Amino acid sequence: MSLEVGTAETTTDVEPEKKRKRSGLSGGGSPGNGGRKRGGGGGSGGGDDGDNQNKDRNFEEIEEFRPNKLRVAMWFTLLIVVMTFGGLISAYIVLSTNQQLEWKPFALPWQVWISTVLIIASSICYKTAQKNLNNNRQKSAKQWLLATTVLGGTFISSQILLWFQLVKDGVYMQSNPYAGFFYILTAVHALHVLGGICALGYIVLRAWNETAADEELIRRKTAATVVGWYWHFMDGLWIVLLLLLGFFK
């Protein structure tokens, strides 16, 4: 009995002590938890703010205008154009020196010279538009860009009239390799000019309304510079094709 009582007493003494420890731990833990919750809440809030800041920073990086990437993309495009026309011109030179083919050169139609005047005039208009844009004369720049676009479209129309005239005169690709290259070279060039007209349309729409925002002005000037490379390259390429087809027969 004494052992049991002693044991009971011991057990009774131990249990409250455990309860006191447990309650002490839980009580101490509550403020701690409360502190942690408050701290955690603060940390969570800080984490949310950090996440929002990171998202904003990532969004700004995505939206940030990178002119160097645009320039590199255009140089890559021009490289592809050079390789395309380089292959066609090389094939033209090789076949033109092959005496076994029925190579029948013909005089260049008068529409060719009209096309030449149009594309040179468009290049001059574009240069004027770019100069006005750089000097912040936005209204004048828009007008010159529109003139460049119209001249580019007129150039395409003159090429179509040229092809119709050749067909009317009985000049076909099948019977004359020279005629075949004439059609191919001028058609591929016209397709590239059409792509330049689409780029011009983008610049015209972007520059339609005047702006005072520095970032938007930088975007417009950079786009005008990059598209200008392409447009002037198409102008120079047409002169090369004209000399090739007209004087290297």
Side-chain angles (χ1 to χ4, degrees), residues 73-130 144-145 147-201 225-249:
M74 180 53 68
W75 281 115
F76 183 74
T77 301
L78 292 177
L79 179 61
I80 294 176
V81 174
V82 169
M83 294 175 63
T84 300
F85 280 93
L88 292 173
I89 292 173
S90 299
Y92 174 91
I93 294 174
V94 171
L95 293 179
S96 65
T97 57
N98 189 349
Q99 302 298 328
Q100 298 179 357
L101 295 176
E102 295 183 3
W103 192 264
K104 301 175 184 178
F106 51 81
L108 296 179
W110 59 271
Q111 289 90 345
V112 171
W113 307 108
I114 293 180
S115 299
T116 303
V117 172
L118 288 172
I119 198 168
I120 291 176
S122 70
S123 190
I124 294 173
C125 287
Y126 192 91
K127 193 67 177 178
T128 306
Q130 190 175 357
W144 283 106
L145 285 172
T148 305
T149 306
V150 171
L151 288 172
T154 309
F155 172 83
I156 299 294
S157 301
S158 68
Q159 292 293 285
I160 295 174
L161 293 176
L162 167 62
W163 300 328
F164 281 150
Q165 183 63 43
L166 290 176
V167 172
K168 184 179 179 180
D169 294 339
V171 180
Y172 301 102
M173 298 178 61
Q174 295 84 355
S175 59
N176 186 356
Y178 174 82
F181 272 101
F182 188 93
Y183 282 114
I184 292 173
L185 288 172
T186 55
V188 174
H189 179 269
L191 287 175
H192 284 79
V193 172
L194 186 61
I197 292 175
C198 294
L200 278 173
T225 300
V226 172
V227 175
W229 295 345
Y230 184 88
W231 194 259
H232 297 317
F233 186 83
M234 288 297 109
D235 187 0
L237 183 59
W238 174 256
I239 301 299
V240 172
L241 296 179
L242 181 65
L243 295 174
L244 183 71
L245 295 169
F247 301 98
F248 193 85
K249 299 182 179 180

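Since we're looking at a predicted model, the values are computed, not measured. Only heavy atoms go into these numbers, but all of them, side chains included; no hydrogens, no water, no symmetry mates.
Taking the side chain to side chain donor-acceptor pair (under 3.5 Å) definition, one finds that Q130 meets it with T225, sequence neighbours left out. The ring-ring contact (aromatic ring centres under 6.0 Å, His included) check on F85 picks up H192, with sequence neighbours excluded. For S96, the side chain to side chain donor-acceptor pair (under 3.5 Å) test picks out no residue, with sequence neighbours left out.
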Side chains of residues 177-185: which donor-acceptor pairs under 3.5 Å do they make with residues two or more places apart or in other chains?
| unit_1 | atom_1 | unit_2 | atom_2 | d |
| --- | --- | --- | --- | --- |
| Y178 | OH | L245 | O | 2.5 |
| Y183 | OH | V171 | O | 2.8 |

Using residues 237-244 as the side-chain source, report each donor-acceptor pair under 3.5 Å to any protein atom, sequence neighbours left out, with the distance given to one decimal.
| unit_1 | atom_1 | unit_2 | atom_2 | d |
| --- | --- | --- | --- | --- |
| W238 | NE1 | T116 | OG1 | 2.9 |

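Under a 3.5 Å cut-off, the side chain of Y230 and the backbone N or O of M74 do not form any donor-acceptor pair. For the pair S157 (side chain) and G153 (backbone), a donor-acceptor distance under 3.5 Å is present.
By the 4.5 Å heavy-atom criterion applied to side chains, I160 and F164 are counted as neighbours. Between S122 and I119, some side-chain heavy-atom pair lies under the 4.5 Å cut-off. Annotation: side chain of Y126 is not in contact with side chain of T149 (no heavy-atom distance under 4.5 Å).
Classification of the W75-W229 ring pair by plane angle, with boundaries at 30° and 60°, yields tilted.
Note that the CG atom of L88 and the NE2 atom of H189 stand 12.5 Å from one another [nearest 0.5 Å].
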Kindly determine whether W113 and V117 satisfy side-chain contact (heavy atoms from CB on, under 4.5 Å), including the steps that lead there. CA-CA 6 Å; W113 307 108; V117 172; 5.7 Å; no
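Within the structure, the salt bridge (charged side-chain N to carboxylate O under 4.0 Å, His left out) test picks out the following pairs touching residues 103-123 (sequence neighbours left out): E102-K104.
Nearest heavy atoms, I156 versus A190: CD1-O, 3.3 Å.
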